[in-house]
Amino acid sequence: MTLHELLSCRVAAALAAAGAPDAAPVVQPSSKPEFGDYQANGVMGAAKALKTNPRELATKVVAALQLDGIASKIEIAGPGFINITLADDFLADTVTRQQADVQLGTGRHAGDKVVIDYSSPNLAKEMHVGHLRSTIIGDALARVLAFRGDQVVRQNHVGDWGTQFGMLTAYLVETEQAGSEALALDDLEGFYRAAKQRFDEDAAFADRARDYVVKLQGGDVRVRALWQRFLEVSLAHCEAVYERLGVQLQRDDVMGESAYNDDLPRVVVDLRAAGLLTEDAGAQVVFLDEFKNKEGEAQAYIIQKQDGGYLYSTSDLAALRYRAGKLGARRLLYVVDARQGLHFQQLFTLGRKAGFIGADVATEHVAFGTMMGEDGKPFKTRSGGTVKLVELLDEAERRAFDLVSEKNPDLAEEKRRSIARAVGIGAVKYADLSKHRTSDYIFDWNTMLSFEGNTAPYLQYAYTRLASIFRAAGSFDHHAKLTLTEPAEHALALQLAQFPDLLAQVAAETCPHFLCAYLYQLATRFSRFYEACPVLKSEGETRASRLALCAAAANTLKTGLGLLGIAVLEEM
RNA sequence: GCGCUCGUAGCUCAACCGGAUAGAGCAACGGCCUUCUAAGCCGUAGGUUACAGGUUCGAUUCCUGUCGAGCGCGCCA
């Protein structure tokens, strides 16, 4: 049982004993240190329901509250808050037990199968900053869910289908004939621009491109092979970016739009058989009662164009059915831009109506905000283009290298390079992950590549201080008995003990920024401990205890950062 | 026109589904390195939570309205 579960359970029992069996305990970490470690707020609501005095009810609840060996102090405050301070010995035991578990006390429930759709770049172009959020939020969530024991299936729903690929393959033939194919494909972005230019300026080329789309969809062997070659280059580019970013997506996780191509006609047939499809202006559409406006007119959700072509609604329906059916997932997560909110509401509603997914399958659009420029308008470079992801990462590493060279000039250059990689990439990811995903995102080089305060380098720095202590300490017992005497030790141990509760919250609400806030708080509490409590200079049991506490902090920090996909360093 | 998301310190962001005196970081000002890495620690200052009502012991949070912002809404994804 986690701390929160334990306390909730005990307070609920005390409420029942005091005559409020149905009252919610409402236990949460205290808002201020003066209020102890946890506060139970359920008494006020319960007193209201029972029409009794909350202070009197609180007195009864506290009298019935069984926290022997758990709490060192229980107080009633204000209108009826119950403030609980945990016993040092109990906290020490909790941390010790947690550290003995490879999952740090989090892995109890046996694996729900969860499909998580993230990154999903368009393979026609190079990855740009707009792909960052989905990629790293999805990766962090996948890691957290897997760590807690869920069976996670990653799905990289890449854009590898549609009209633009006719254009690209047609252009690939041209460059091949000109003997410059390899060179051209080396620069995906330039290749796309050049193909687009040919398409816009040369009617014959445009016709050829359209012909290639038909051949591609019809399964023409030669065009398919060209298309495959292009995808190979583009995927290799994505994988290089994933590798640099420390994102776990691999080739096996790729399940692109094209994978559902053969299933699309069946989707239409099945929707029609279910009586959901209507022909409107030549297109096959679904009108869902759930999406009526005030005038009672239902919104159209187009499944098939009047020319017979399919849309992303069609392939998303096919993917939905595949994930719930063939993959057998109980929870479907889509880490996709918030602007597609309506699409997903319609998709999920229709998917259920059509029987593609059962009532026991949860569907969640893990929406995130739009990338904005410093002026608050949609993000663009000075010249009006998009910032490539590799350019952002290059800049991050360059700045980190300059800083580490300034702070630690004696380190070998190769060492400084590798530190700069971890610090630069970590800063970029943390800057993004630490914000609530639903809010719009202001892209700013200086904010994103800041290395002070609430940033990844602060957390990494805390870890290097720990590593430095361990180096100087030599061998020691990582699981020595903890004796918590100083307030800074108590605060740090409490933070460590809350790790399982925190991860449960991240998993339930799919919000990585909770984990960032937790780790920042953990690092802050460690830093205070570091200032207040000498480790190596203390002696005997105190020294052994503090070293073990440091080991627990280092382990939790490393694990937590690992779940965000951020590396730790021995020195920086 | 309809719908979704939002409006919190000068700036960037939090606030654990209604809890106590709304918290951090950056920027500003002042302290702390002969002592485990100062990318750090401590302190000061900074707020009518857009505005107006309502619900109740209690509202940044829930409801209504106003103002303002961003984004969606039939053949792109």
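Lettering of chains follows the sequences in order, A, B, ..., and the numbering in each one begins at 1. Side chains included, hydrogens not; waters and symmetry mates left out as well; all remaining heavy atoms used.
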For a quick test of reading the model: is some side-chain N or O of [X] closer than 4.0 Å to OP1 or OP2 of [N]?
X       : N      : value
H513(A) : A15(B) : yes
R528(A) : C42(B) : yes
S450(A) : A39(B) : no
R546(A) : C36(B) : no
Y461(A) : A38(B) : yes
K32(A)  : G23(B) : yes
K435(A) : C13(B) : no
K407(A) : A38(B) : no

Contact class for [X] (heavy atom, under 4.0 Å): base, sugar-phosphate, or nothing?
X       : value
N122(A) : nothing
E257(A) : sugar-phosphate
V404(A) : base
Q39(A)  : base
S439(A) : sugar-phosphate
N83(A)  : base
A532(A) : nothing
A281(A) : base
C511(A) : nothing
L403(A) : base
H4(A)   : nothing
E34(A)  : nothing
P29(A)  : base
Y301(A) : nothing

Residue whose nearest RNA chain B nucleotide is more 5′ - L311(A) or V423(A)
V423(A)
RNA chain B: Y458(A) or T455(A), which has the more 5' nearest nucleotide?
T455(A)
Measuring only the [atom1] atom in each nucleotide, how far is [N] from [M]? A whole number of Å is fine.
N      : M      : atom1 : result
U12(B) : A39(B) : P     : 27 Å
A59(B) : G23(B) : P     : 16 Å
A9(B)  : A24(B) : C1'   : 11 Å
G58(B) : G70(B) : C1'   : 33 Å
G54(B) : A28(B) : C1'   : 41 Å
C75(B) : U60(B) : P     : 44 Å
A14(B) : U8(B)  : C1'   : 10 Å
A50(B) : G43(B) : C1'   : 33 Å

Closest to the [X] side chain, choosing from [options]:
X       : options                : answer
R339(A) : C41(B), G72(B), G74(B) : G72(B)
F514(A) : U12(B), A15(B), C75(B) : A15(B)
A283(A) : A38(B), A20(B), C75(B) : C75(B)
T524(A) : G40(B), A15(B), C41(B) : C41(B)
M572(A) : C17(B), A39(B), G40(B) : A39(B)
Q306(A) : C73(B), G40(B), C75(B) : C75(B)
S31(A)  : U12(B), A20(B), A24(B) : A20(B)
Y520(A) : G25(B), G19(B), C73(B) : G25(B)
V285(A) : U12(B), G40(B), G74(B) : G74(B)

Could you tell me the separation between the CG atom of L342(A) and the C1' atom of G72(B), rounded to a whole number of Å?
7 Å
For the pair made of CD in E452(A) and C1' in G40(B), what is the distance, rounded to whole Å?
10 Å
When you check the glycosidic angle of C32(B), does it come out syn, meaning within 90° of 0, or anti?
anti
Could you check if the base of G74(B) is syn or anti? Syn means the glycosidic torsion is within 90 degrees of 0.
syn
Under a 3.5 Å distance rule, please check whether [X] uses its side chain to pair with a backbone N or O of [Y] as donor and acceptor.
X       : Y       : result
N156(A) : D117(A) : no
N408(A) : L411(A) : no
S434(A) : Y430(A) : yes
R437(A) : T510(A) : yes
S538(A) : V535(A) : yes

Does the side-chain ring of F35(A) lie flat on the base of A20(B), meaning centres under 5.5 Å and planes less than 30 degrees apart?
yes
Check this for me: does the side-chain of Y312(A) come within 3.5 Å of the base of A77(B) through a donor and an acceptor?
yes
No-H, no-angle donor-acceptor pair, N408(A) side chain to A39(B) base, under 3.5 Å
no
Looking at [X] versus [Y], is the centre-to-centre ring distance below 6.0 Å?
X       : Y       : value
Y463(A) : Y458(A) : no
F287(A) : Y301(A) : no
Y518(A) : F514(A) : no

Option among Y310(A), W227(A), Y312(A), Y260(A) that satisfies the ring pair (Phe, Tyr, Trp, His ring centres under 6.0 Å) test with W161(A)
W227(A)
Drop me the distance from D160(A)'s CG to L235(A)'s CG, to the nearest 0.5 angstrom.
8.0 Å
Could you list the donor-acceptor pairs under 3.5 angstrom formed by side chains in residues 497-506 of chain A, with sequence neighbours left out?
unit_1	atom_1	unit_2	atom_2	d
Q498(A)	NE2	Y38(A)	OH	3.2
D501(A)	OD1	T2(A)	OG1	2.6
D501(A)	OD2	H4(A)	N	2.8

Please list, chain by chain and in numerical order, all residues satisfying side-chain contact (heavy atoms from CB on, under 4.5 Å) with A532(A), sequence neighbours excluded.
A488(A)
With pairs defined as Watson-Crick or G-U wobble and both distances under 3.5 angstrom, please note down RNA chain B as a dot-bracket string, | for pairing with another strand.
(((((((..((((.....[...)))).(((((.......))))).....(((((..]....))))))))))))....
